[in-house]
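Beneath this line is the structure, given in structure tokens, with notes to follow.
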Amino acid sequence: MSASSLKVTIKSTKLSPPMLLVLGIAALSTAMPDPSYRESLIRKERSQQTGGRMVLSEAELQFNALLDKLKQQEMESEDFPPAMHFFQAKDLIEQSQLFSLLQKMPKGGALHVHDFAMVDVDWLVKNVTYRPHCYVCFTDTSSVRFTFSLRQPKSSPPCSQWMLLDNLRAKVGNTTDFDQSLMRNLTLYSDNPEVAYPNQDVVWKRFEEAFLAVWGLVTHAPVFKDYFYEGLKQFNADNVMYLELRALLPPTYELDGTVNSRFWTMKAYQDELKDFLGKHQDFFGCRVIVTAHRGINATELTNALEDAIELQKDFPELMAGFDLVGREDSGRPLWYFSKALSLPAERGVSMPYFFHAGETDFQGTEVDQNMLDALLLNTSRIGHGFALVHHPTAKALSRQMGVAVEVCPISNQVLKLVSDLRNHPAAVLMSEGHPLVVSSDDPALFGACGLSYDFYEAFVGIAGLKADVGTLKEFAINSIKYSSLSPEQKNKALAIWQKKWERFVLENLPQ
Ligand SMILES: *[C@@H]1O[C@H](CO)[C@@H](O)[C@H](O)[C@H]1NC(C)=O
Ligand SMILES: *[C@@H]1O[C@H](CO)[C@@H](O)[C@H](O)[C@H]1NC(C)=O
Ligand SMILES: *[C@@H]1O[C@H](CO)[C@@H](O)[C@H](O)[C@H]1NC(C)=O
Ligand SMILES: *[C@@H]1O[C@H](CO)[C@@H](O)[C@H](O)[C@H]1NC(C)=O
Ligand SMILES: *[C@@H]1O[C@H](CO)[C@@H](O)[C@H](O)[C@H]1NC(C)=O
Ligand SMILES: [Zn+2]
């Protein structure tokens with residue numbers, strides 16, 4: 001090989017003036033830049049961000065002045081909450097005026113919430129564990145399990161000894177500390193999260209323990225119903241008018257040991273929702289996304305989908321679609337399931353998918369491919385999409401298809417994908433107005449509740465100083481626009497939201 005064939009020539013990358021004109025960029029020079037030109041570029045960039053093209057009323061502009069002032073206050077404080085771990089920031093957030101405002105704000109829908117993490121654990125301990133026939137056991141891993149039973153439950157791993165909680169509490173006397181320790185078991189809360197959770201494996205292990213601790217309580221049939229009702233109450237109280245719930249539909253058990261079917265579970269959701277709607281006229285509703293754990297194999301998924309198809313026939317209004325849950329990094333990639341997931345289409349059944357995808361920071365792994373595969377499998381939304389900005393093709397496709405990303409800031413932080421929320425990749429998505437919604441994933445496990453804490457983190461930490469009333473408005477409108485509701489229902493929900501919003505703005509104009 002001759003030396004000359006190896007020679008690499010670098011062409012000038014400087015753009016010629018005609019080229020600059022083609023790109024719409026004025027000729028660059030070292031002279032003082034034109035301030036009005038600068039202004040127009042700034043305006044252009046602002047119009048690209050989430051909410052940047054919202055048309056605002058006079059009242060909204062006035063309200064925005066207040067919002068702006070409160071946000072400045074947050075940014076000037078020495079401890080900027082979004083830069084801190086949520087466990088340490090929570091008290092500060094609760095003291096913030098902006099947070100109180102966000103609590104009052106009509107936020108539309110919460111589209112990414114899981115069935116057994118929607119109610120704060122205080123209620124579980126103070127209400128549910130005080131019900132009769134509740135047994136507890138302490139495991140070797142310093143966790144707990146619960147079960148309701150008429151008789152002494154049989155011991156089986158990890159429970160060698162079940163104790164009736166009534167008896168145990170009588171022995172303890174002052175139950176304040178004991179109840180606190182039970183609550184700690186049901187959340188991931190720690191005074192010192194950086195030390196308690198040095199890496200993702202440790203925090204996910206604890207996540208799964210907490211989930212198992214909750215399990216025996218919430219799968220008891222009467223508790224299951226009350227839990228869901230209480231969850232609706234808490235979201236409604238946080239000014240969320242609509243929910244889409246990822247639900248595992250586990251078998252529930254009665255006191256005598258009878259086990260109920262998944263049909264029972266869906267019926268329970270339907271009945272409780274109807275009851276709730278009867279008593280809360282302003283609440284719009286709830287739909288269920290049936291989920292299976294991604295640890296299963298393709299045969300099991302095929303069975304789960306057959307089940308889902310049946311449930312969809314029985315509960316067409318309640319059921320929104322299907323998803324796979326569990327830690328992506330340790331589960332199977334979506335592509336492994338691609339054949340099984342084509343089953344509904346092969347049968348001519350429309351089964352909307354709402355895949356968790358891209359809840360990872362391991363770039364280039366098989367699991368990191370999940371977002372593109374979710375889109376190829378015609379997903380309706382992407383759960384988390386934390387890694388989406390690493391994939392320009394998938395990102396463009398998601399935008400083109402109108403597939404919104406469900407951003408869950410606190411979840412991503414607690415599960416150690418990001419520490420300072422200003423560095424959350426959704427900041428990029430928000431700066432370019434990518435379709436997205438804000439949600440709370442598993443608020444109870446993180447010691448939060450409802451949706452406002454995540455709204456705070458998204459608005460103050462991720463979206464940044466220039467995000468304004470338009471941004472908040474678009475978050476809320478998106479939560480209806482990208483929901484699974486029919487076009488008619490969306491219009492109805494939007495009209496209800498609009499009224500609430502206008503009232504909210506008028507009630508919060510600066511003095
Ligand atoms: C527990 O919750 C149920 C239903 O949600 C309610 O009827 C009951 O009064 C509560 N009990 C206590 C002790 O708070
Ligand atoms: C129970 O213990 C807690 C904390 O240890 C204490 O604050 C509380 O006063 C005690 N309650 C009673 C009734 O003694
Ligand atoms: C769970 O509760 C038990 C019993 O009170 C307690 O000993 C244990 O430390 C708790 N575990 C956690 C992780 O808080
Ligand atoms: C899938 O899992 C089921 C239940 O665990 C098992 O019986 C079956 O053999 C597995 N199938 C394959 C193909 O691995
Ligand atoms: C994609 O999903 C939507 C919503 O579920 C459905 O209406 C549409 O028919 C699906 N398209 C294909 C090609 O499967
Ligand atoms: Zn989730």
Side-chain angles (χ1 to χ4, degrees), residues 87 121 124-125 129 134-146 158-159 161-163 165 168-169 171-193 195-197 202-203 205-214 216-217 244 287 289-290 292-305 308-309 312 316 319-323 331-332 336-355 374-382 397-398 400-404 445 447 482-487 490:
F87 296 164
V121 298
L124 271 183
V125 172
T129 71
C134 187
Y135 287 82
V136 67
C137 91
F138 303 107
T139 71
D140 295 342
T141 50
S142 121
S143 180
V144 297
R145 298 289 181 272
F146 298 95
C159 286
Q161 197 198 359
W162 287 102
M163 285 167 284
L165 259 175
L168 199 59
R169 283 207 174 95
K171 246 187 263 166
V172 173
N174 182 342
T175 54
T176 309
D177 290 338
F178 176 69
D179 285 353
Q180 280 293 334
S181 82
L182 293 186
M183 280 180 222
R184 274 202 308 278
N185 272 282
L186 303 177
T187 76
L188 270 65
Y189 180 81
S190 155
D191 292 333
N192 201 342
V195 173
Y197 306 125
V202 176
V203 74
K205 190 150 178 25
R206 187 56 211 296
F207 181 92
E208 280 150 16
E209 276 292 356
F211 193 74
L212 292 171
V214 169
L217 295 173
E244 288 190 3
R287 298 194 78 201
I289 297 168
V290 174
H293 197 276
R294 55 179 5 109
I296 62 177
N297 65 34
T299 317
E300 293 167 296
L301 179 64
T302 304
N303 295 335
L305 279 165
I309 291 172
Q312 198 188 38
M319 186 166 153
F322 187 85
D323 182 19
R332 293 188 160 103
Y336 161 84
F337 294 112
S338 53
K339 175 99 186 48
L341 288 167
S342 315
L343 175 95
E346 279 162 18
R347 301 237 178 120
V349 175
S350 162
M351 175 66 67
Y353 289 136
F354 299 85
F355 292 124
L375 290 161
L376 292 175
L377 288 159
N378 191 28
T379 197
S380 297
R381 292 195 300 267
I382 292 176
L397 205 53
S398 137
Q400 189 192 328
M401 291 166 68
V403 169
L445 283 171
Y482 295 110
S483 72
S484 69
L485 295 167
S486 69
K490 281 181 191 175

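Just follow the structure's listing: the first ligand is 1, and inside any ligand the first atom is 1.
In this structure, the side chain of E300 does not engage the main chain of A292 through any donor-acceptor pair within 3.5 Å. Under a 3.5 Å cut-off, the side chain of R287 and the backbone N or O of S484 do form a donor-acceptor pair. Side chain of Y336 to backbone of A298: a donor-acceptor contact under 3.5 angstrom is found. Put simply, the side chain of Y197 gets close to the backbone of L188: a donor and an acceptor are under 3.5 Å apart.
S190 contributes atom OG, which lies 10.0 Å from atom CZ of R184 (distance to the nearest 0.5 angstrom). Annotation: the span from S342 atom OG to M351 atom CE amounts to 13.0 Å, rounded to 0.5 Å.
In terms of polar-atom proximity, S143 is not counted as a contact of ligand 3, lacking any N or O under 3.5 Å from an N or O of the ligand. Residue S380 places no N or O, backbone or side chain, under 3.5 Å from any N or O of ligand 5. For ligand 3, the polar-atom distance check finds no N/O of R206 at less than 3.5 Å from any of the ligand's N/O atoms.
Residue contacts with ligand 3 include V144, since one or more of its heavy atoms lies under 4.0 Å from the ligand.
Judged by distance alone, the side chains of T141 and T139 do bring a donor and an acceptor atom under 3.5 Å apart.
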Please tabulate, line by line, the atom pairs linking an N/O of ligand 4 to a protein N/O at a distance below 3.5 Å, with the distance in Å to 0.1, or answer 'none'.
| from | atom 1 | to | atom 2 | distance (Å) |
| --- | --- | --- | --- | --- |
| ligand 4 | 2 (O) | N297 | ND2 | 2.3 |
| ligand 4 | 2 (O) | E300 | OE1 | 3.3 |
| ligand 4 | 11 (N) | N297 | ND2 | 2.9 |
| ligand 4 | 14 (O) | N297 | ND2 | 3.3 |

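Less than 4.0 angstrom separates some heavy atom of R184 from each of these atoms of ligand 3: 14 (O). For ligand 5, the atoms lying closer than 4.0 Å to a non-hydrogen atom of P352 are 5 (O).
Ring pair Y189/F87 is tilted by interplanar angle, where 30° to 60° counts as tilted.
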Problem - Candidate pair S398 and T379, rule side chain to side chain contact (heavy atoms under 4.5 Å, CB included), full reasoning - result: CA-CA 9 Å; S398 137; T379 197; over 6 Å; no
